[in-house]
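Chain identifiers are assigned alphabetically (A, B, ...) following the order of the sequence lines, protein sequences preceding nucleic acid strands; residue numbering begins at 1 within each chain. Here the structure is a predicted model, which is why all the values come from computation and not from measurement.
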Amino acid sequence: MTSSSDVRVRIAPSPTGDPHVGTAYIALFNYVFAKKHQGKFVLRIEDTDQTRAKASSEQDIFDSLKWLNLNWDEGPDCGGDFGPYRQSERLSIYREHIDILLEKKKAYRCFCTAERLDELRADQKSKGLQTKYDGKCRNLSEAEIAEHLEKGTPYVIRLAMPQEGTTSFNDLLRGDVTINNEQMDDQILLKSDGFPTYHFANVVDDHLMKITHVVRAEEWISSTPKHVRLYEAFGWDEPTWIHMPLLRNKDKSKISKRKNPVSLGYYKRAGILPQSMVNFLALMGWSFGDDQEFFSLEQMIEVFDFKNVSLGGPIFDQTKLTWVNQNYMHKMNDDEFVAHMRDEVITEDFLRKLKPLALERMTRFEQFFDNNSFFFNGGLNYEGLTILPKSREPKEFRDMLKGLLVVVDDLYDWNTESIGSALKAYRESIEWKPKDFFMPIRLITTGRKDSPPLNESLELIGREMVRYRIRDFMTTMK
RNA sequence: GUCUCCAUCGUCUAGUUGGCCUAGGACACCGCCCUUUCACGGCGGCGACGCGGGUUCAAAUCCCGCUGGAGAUGCCA
């Protein structure tokens with residue numbers, strides 16, 4: 001029996017984009033559980049995907065979590081006894097642990113090419129079979145392995161899963177979960193670029209960082225048996241597994257940016273107070289008891305118990321979030337209101353960015369708010385505006401906007417130059433006249449024809465709000 | 001397709017050891033009141049145990065099946 005002060009939990013976001021509301025959701029429950037038991041809350045950055053990791057995103061994660069007051073005890077910025085806390089800085093640790101498994105014959109080198117695996121998968125799929133590695137490299141002779149290594153054939157390391165029997169684990173919220181081992185794939189642990197996969201890095205790090213409770217989202221349930229087998233291969237004790245429900249879109253699918261704003265930055269920009277967000281997130285799948293809907297982080301910690309978690313995936317409904325926020329807003333005193341307007345809404349930083357766009361279009365300062373309201377607003381009102389170009393059908397206009405959303409999503413950096421070149425490239429690819437293309441975008445994102453230069457405006461409005469307005473407009477055109 | 005998880009009002013949920021549930025609260029919506037307008041606030045209304053079998057004196061609550069939803073099935077996490 002461990003004493004409660006031994007509790008150690010973590011969140012492990014990957015720095016691949018705007019900090020996600022789902023990250024905050026899981027962070028909240030980890031944080032509250034840690035505080036409840038006087039334990040430690042660890043922040044670990046999972047930057048093992050070289051193709052997707054984005055440098056600025058790590059700082060954004062820090063900022064977002066701090067904004068919500070979900071402060072961590074150990075992490076890349078503040079250190080701790082079990083660092084480093086950035087997976088890209090732990091490569092040698094993973095190497096050592098791979099060697100242990102190789103030595104124990106629990107893992108093996110796989111020299112199969114990506115092409116072969118694609119074909120294998122396609123073949124299995126066409127036959128209605130489960131897709132899974134066929135074990136070709138599982139029993140290579142020492143000589144064959146040596147030959148491949150000699151030639152420098154790229155390879156990955158796979159875990160040798162048991163091929164019969166079952167694997168079970170106990171989830172604190174769901175009880176025992178068992179799967180047949182035939183279902184289990186020989187999970188890749190180390191990619192050919194030498195980086196570990198999530199599954200491997202995660203297990204190694206959780207063990208070395210002495211994580212006692214893995215609190216993560218439901219989407220991980222199906223890979224937990226693999227993790228269990230990994231712990232077993234090392235001879236380590238498993239943590240307690242706790243799989244929280246998944247936040248959902250309106251259509252019940254896993255929450256996603258294509259269907260719902262998911263960026264914490266968006267909600268901050270949209271005027272949601274951090275305590276509103278935390279309170280609302282807590283209401284997703286958990287209840288305070290006694291029908292109490294409003295509570296602080298401190299109050300939540302006081303009464304927290306995983307027993308009060310309900311397992312149905314909650315729909316992230318902005319209407320209720322707004323209502324929670326309204327409640328907190330209306331409680332602000334004069335000082336709080338002034339401070340918030342000054343520090344969060346009409347900030348000095350924003351005014352400085354706005355000045356070159358706004359000033360030359362004004363003859364009196366009284367025009368400031370009227371001219372620039374769309375920089376501060378959320379959704380816009382399109383009444384009285386003719387947005388659809390005369391020469392285009394609604395259907396193709398809609399398709400253009402769908403493509404535009406993808407362009408907005410896929411843009412790596414969000415600034416005047418990158419926006420400009422991306423829009424230009426997109427327009428050229430679909431061969432629309434500039435007028436048919438740019439004016440509707442201007443109208444949709446700013447709500448007016450006489451707004452400042454488009455690229456600059458879009459940068460200031462922000463990626464998330466631009467995406468929101470395009471989607472919002474699309475719903476109005478039915 | 002296969003595996004796994006889940007299942008109370010449109011939405012978030014209470015219901016935790018079966019009876020006090022003719023299923024409670026909140027959001028949204030509708031109506032009324034307050035009010036020179038709007039908002040806030042107050043009062044009220046609408047509205048759910050997915051279906052079928054068991055077990056039991058008694059089931060939203062336990063068991064089985066079905067159906068439905070979701071996730072996983074990636075050298076993403």
Name the pairing partner of [N], where a pair is Watson-Crick or G-U wobble with both distances under 3.5 Å, or state none.
| N | value |
| --- | --- |
| B/A60 | none |
| B/U22 | none |
| B/C30 | B/G44 |
| B/U4 | B/A70 |
| B/C51 | B/G65 |
| B/U37 | none |
| B/C75 | none |

Give [X] one of three labels, base, sugar-phosphate or nothing, depending on what nucleic acid heavy atoms sit under 4.0 Å from its own.
| X | result |
| --- | --- |
| A/Gly285 | sugar-phosphate |
| A/Arg174 | sugar-phosphate |
| A/Val156 | base |
| A/Ser223 | nothing |
| A/Thr51 | nothing |
| A/Thr16 | nothing |

Between [options], which nucleotide has the shortest distance from any of its atoms to the side chain of [X]?
| X | options | answer |
| --- | --- | --- |
| A/Thr48 | B/U4, B/A77, B/C75 | B/A77 |
| A/Gln130 | B/G1, B/C6, B/U11 | B/G1 |
| A/Arg121 | B/G69, B/G74, B/G41 | B/G74 |
| A/Ser287 | B/A28, B/A14, B/G71 | B/A14 |
| A/Ser222 | B/A77, B/A72, B/U2 | B/A72 |
| A/Ser310 | B/U2, B/U13, B/A26 | B/U13 |
| A/Lys307 | B/C12, B/C3, B/U16 | B/U16 |
| A/Leu246 | B/A70, B/C12, B/G74 | B/A70 |
| A/Glu219 | B/C3, B/A72, B/C27 | B/A72 |

Salt-bridged, [X] to [Y], with N to O below 4.0 Å?
| X | Y | result |
| --- | --- | --- |
| A/Asp206 | A/Arg44 | yes |
| A/Arg86 | A/Glu58 | yes |
| A/Glu144 | A/Lys136 | no |
| A/Asp317 | A/Arg248 | no |

Starting from [atom2] on [N], measure out to [atom1] on [X] and report it in whole angstrom.
| X | N | atom1 | atom2 | result |
| --- | --- | --- | --- | --- |
| A/Lys54 | B/A77 | NZ | P | 18 Å |
| A/Leu321 | B/C27 | CG | P | 14 Å |
| A/Leu283 | B/U11 | CG | P | 16 Å |
| A/His199 | B/A77 | NE2 | C1' | 8 Å |
| A/Phe200 | B/A77 | CZ | P | 13 Å |
| A/Gln87 | B/A77 | CD | P | 9 Å |
| A/Asp176 | B/U4 | CG | P | 14 Å |
| A/Trp323 | B/G25 | CH2 | C1' | 10 Å |

For A/Ile188 and A/Glu293, find the nucleotide of RNA chain B closest to each by heavy atoms; which residue's nucleotide sits nearer the 5' end? A/Glu293
Nearest heavy atom decides the nucleotide; on that basis, is A/Trp286 or A/Gln187 closer to the 5' end of RNA chain B? A/Trp286
Under 4.0 Å between a side-chain N or O of A/Lys254 and OP1 or OP2 of B/A72? yes
Given B/A7, is OP1 or OP2 found less than 4.0 Å from the side-chain N or O atoms of A/Lys252? no
What's the gap between [N] and [M] when it is taken at their [atom1] atoms, as a whole Å value?
| N | M | atom1 | value |
| --- | --- | --- | --- |
| B/G71 | B/C49 | C1' | 25 Å |
| B/G54 | B/A70 | C1' | 28 Å |
| B/G45 | B/U13 | P | 25 Å |
| B/U11 | B/G47 | C1' | 12 Å |
| B/U22 | B/A48 | P | 15 Å |
| B/A60 | B/G19 | P | 10 Å |
| B/C27 | B/G68 | P | 34 Å |
| B/G74 | B/A14 | C1' | 41 Å |

What distance separates [X] [atom1] from [Y] [atom2], expressed to the nearest 0.5 Å?
| X | Y | atom1 | atom2 | result |
| --- | --- | --- | --- | --- |
| A/Phe200 | A/Leu230 | CZ | CG | 7.0 Å |
| A/Lys250 | A/Lys252 | NZ | NZ | 12.0 Å |
| A/Tyr94 | A/Ser88 | OH | OG | 8.5 Å |

Determine whether the aromatic ring centres of residues A/Trp72 and A/Tyr85 are separated by less than 6.0 angstrom. no
Base of [N], side chain of [X] - is there a donor-acceptor contact under 3.5 Å?
| X | N | result |
| --- | --- | --- |
| A/Lys320 | B/A26 | yes |
| A/Thr319 | B/C27 | no |
| A/Asp291 | B/G24 | yes |

Quick one: sort the A/Phe169 and A/Trp241 rings into parallel, tilted or perpendicular, breaks at 30° and 60°. perpendicular
